[in-house]
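In what follows, every chain begins at residue 1, and chains take the letters A, B, ... in the order their sequences are listed.
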Amino acid sequence: MTAPAESMRPAWPNSPAAPRALEPSGARPRRLNPARVGLYAFLAITALFFLTPLYVMVVTSLKELSEIRSGAILSLPLAPTIEPWIKAWSSACTGLSCNGISVGFFNSVAILVPSVIASIAVGALTGYALSFWRVRGSGVLFGALMIVAFVPYQIFIYPLVRVFAFVGINNSIPGIVVIHTIFGLPTMTLLFRNYFVSLPPELFKAARVDGAGFFRIFWSVMLPMATPMIIVAVILQVTGIWNDFILGLVFAGRENLPMTVQLNNIVNSTQGERAYNVDMAATILTALVPLVVYFASGRWFVRGIASGAVKG
Amino acid sequence: MRAIRPRLASRFAALLGLAPALAILVVVYVGCTAWTIWISMTSSRMLPSSNFVGLRQYEALFANERWQVSVGNLAVFGVLFMLVSIALGFLLAVAIDQRVRGENLLRSIFLYPFSMSFIVTGLVWQWLLNPTFGIEKMGRDLGFAAFRFDWIVRQDMVIYTLVFAAVWHAAGLVMAIMLAGLRGIDEDIWKAARIDGLPPWRVYLSVVIPMLGASFATASVLLATSVVRLYDLSVAMTNGGPGVASEVPAKFVMDHLFERGNLGLATAAATSMLITVAAVVGPWLYWQSRRTGRAHA
């Protein structure tokens, strides 16, 4: 036992003491006592519970349909095949057309890119205007945005469909981009406002003294400063917009249905026998973008959730 | 030092910068809400009508059996989902906080479901819970011929399968919030507790949990918002079935708007959802603003 004995830590009974820090450091406990065995058992069992669905998705997608019917859901594929993946990507049927989930993938990309840019641009601009500029009524605006973050979409959907039809952007990519900008506004504004408020006001004052105006300060001073927040915002919006189902279903139009909607159509509205392996391959393909974002971004993802959360 | 006063041009520019947000606020948030509430007080069916009928749509709504089932489901789902997610998330955070090996790996494992959509979550669990090929078959293959786990096709149990899937999706989020809270707690607490001879579980129960009030509040509000919005999961996993056993209010609104062509009833349902959210979030926002107000004072 080499753990430093004197410092205190929150511990299960009898666990070795070690200095407490944000990052675990220093000597690790070497001897396992019953409490620690229990702790690891709890973590291992829960981790298995969390991993099982992902594992089942992958093995199911690699099996022949006959093996799925005869074999066990947890077993490894006897003769792995990537055919379900090819089918899911290029020839699975969504309703009447059979062009695979790839159609949805490209629709989602076409929705995602402009939506992420537009929602972050408007959110950053609003957050900036609300933090440095004493515009009358800005407190009310900010409060209202925070309240709206909690309101269910169902309240707005019918009037928005009518307004969009009137303007002529219903069932189109521009329409769904506007929708994502509207519903991304509260979170994005909160994110950027909280960040700008934390910056030293001297920065802003100096730029004012130099004669820079509203947009100049935003573009040349504040946006470059806000790079970390922009990364967080991109992570939040990419996963959020990619995972959206209801807004894409209502506002994107039949030609532009996003991947989540197409996936649900492939799996849940099939006539006749269901190809579970193709279903699971399509499901993984749909989950791939947010999973890659998640594993690539690491702690940024958590930071995004934490700053996106309305907190005091 | 003289305060810098914005010149007129910049003032105008600042207003211009707020214009998109203002337009969204007025047109969408205020205008559309008012429009929805107005329709809910008319006799609109397929097409909107301006025939005012007072609260008659609400009477019809609360007499509607499918709505009653939806509200009941949401209550059961909401309570169980929040309790289990918060309890599991907190336990995971405490466990991970004991200087375990592979902390980063464990955190990734617990949080990855949250990055995926409810559609993906629903479809995976639909497959796992499939009585013919899923967990039930696995149990029987292991030799338990009478093993039953067919909740997803049973009217009385299906709502619990939604809770299952949703907890899998969200527990990691609670863990991340709680872990951040735990790491912010002062080390000295543990020294003091040791001097007093308190066992760790007592410290967690009577010192740490009260200190994590803000973390619990944040987690609760985030989860509660997703409860009211619950729609995708029900659509993907069960499509409201079997029968109407896993219907939820958001789905009731969508179906009556777009499939059943009953605008009056749909908007009355949407307005009821809004009132529920206001009743939950209003007090919390008030508490938050008072708290921050005091912090500034």
Using heavy-atom distances under 4.5 Å, tell me whether A:Ile68 contacts chain B through its side chain, its backbone, both, or neither. both

Can you list, pair by pair, the side-chain donor-acceptor contacts under 3.5 Å of residues 42-52 of chain A, counting residues two or more places apart and other chains?
unit_1  : atom_1 : unit_2  : atom_2 : d
A:Thr46 : OG1    : A:Phe42 : O      : 2.5
A:Thr52 : OG1    : A:Leu48 : O      : 2.6

Answer yes or no for A:Arg69 and B:Phe133: cation-pi contact, defined as NZ/CZ to six-membered ring centre under 6.0 Å and angle to ring axis within 45°. no

Step through it carefully: locate the ring centre of A:Phe156, locate the ring centre of B:Tyr29, and say whether they are under 6.0 Å apart. yes

Per-residue contact mode, B:Asn130 against chain A (heavy atom under 4.5 angstrom): side chain

As a quick check of understanding, evaluate side-chain contact (heavy atoms from CB on, under 4.5 Å) for A:Phe245 and B:Ser117, giving each step before the final call. CA-CA 8 Å; A:Phe245 174 79; B:Ser117 62; over 6 Å; no

Please flag which part of B:Pro199 lies under 4.5 Å from any non-hydrogen atom of chain A: side chain, backbone, both or neither. neither

Structural part of A:Val261 lying under 4.5 Å from a heavy atom of chain B: neither

Go through the atoms of B:Val120 and report whether side chain, backbone, both or neither lie under 4.5 Å from a heavy atom of chain A. both

Report which part of A:Ser70 has an atom under 4.5 Å of a heavy atom belonging to chain B: side chain, backbone, both, or neither. backbone

Greatest number of non-hydrogen atom pairs under 4.5 angstrom with chain A, of B:Leu18, B:Asp141, B:Val253, falls to B:Leu18

Honestly, the part of A:Ile284 sitting under 4.5 Å from a heavy atom of chain B is neither

Go through the atoms of B:Ala236 and report whether side chain, backbone, both or neither lie under 4.5 Å from a heavy atom of chain A. both

Only pairs of heavy atoms separated by less than 4.5 Å count here; which of A:Val250, A:Val122, A:Val161 has the most with chain B? A:Val250

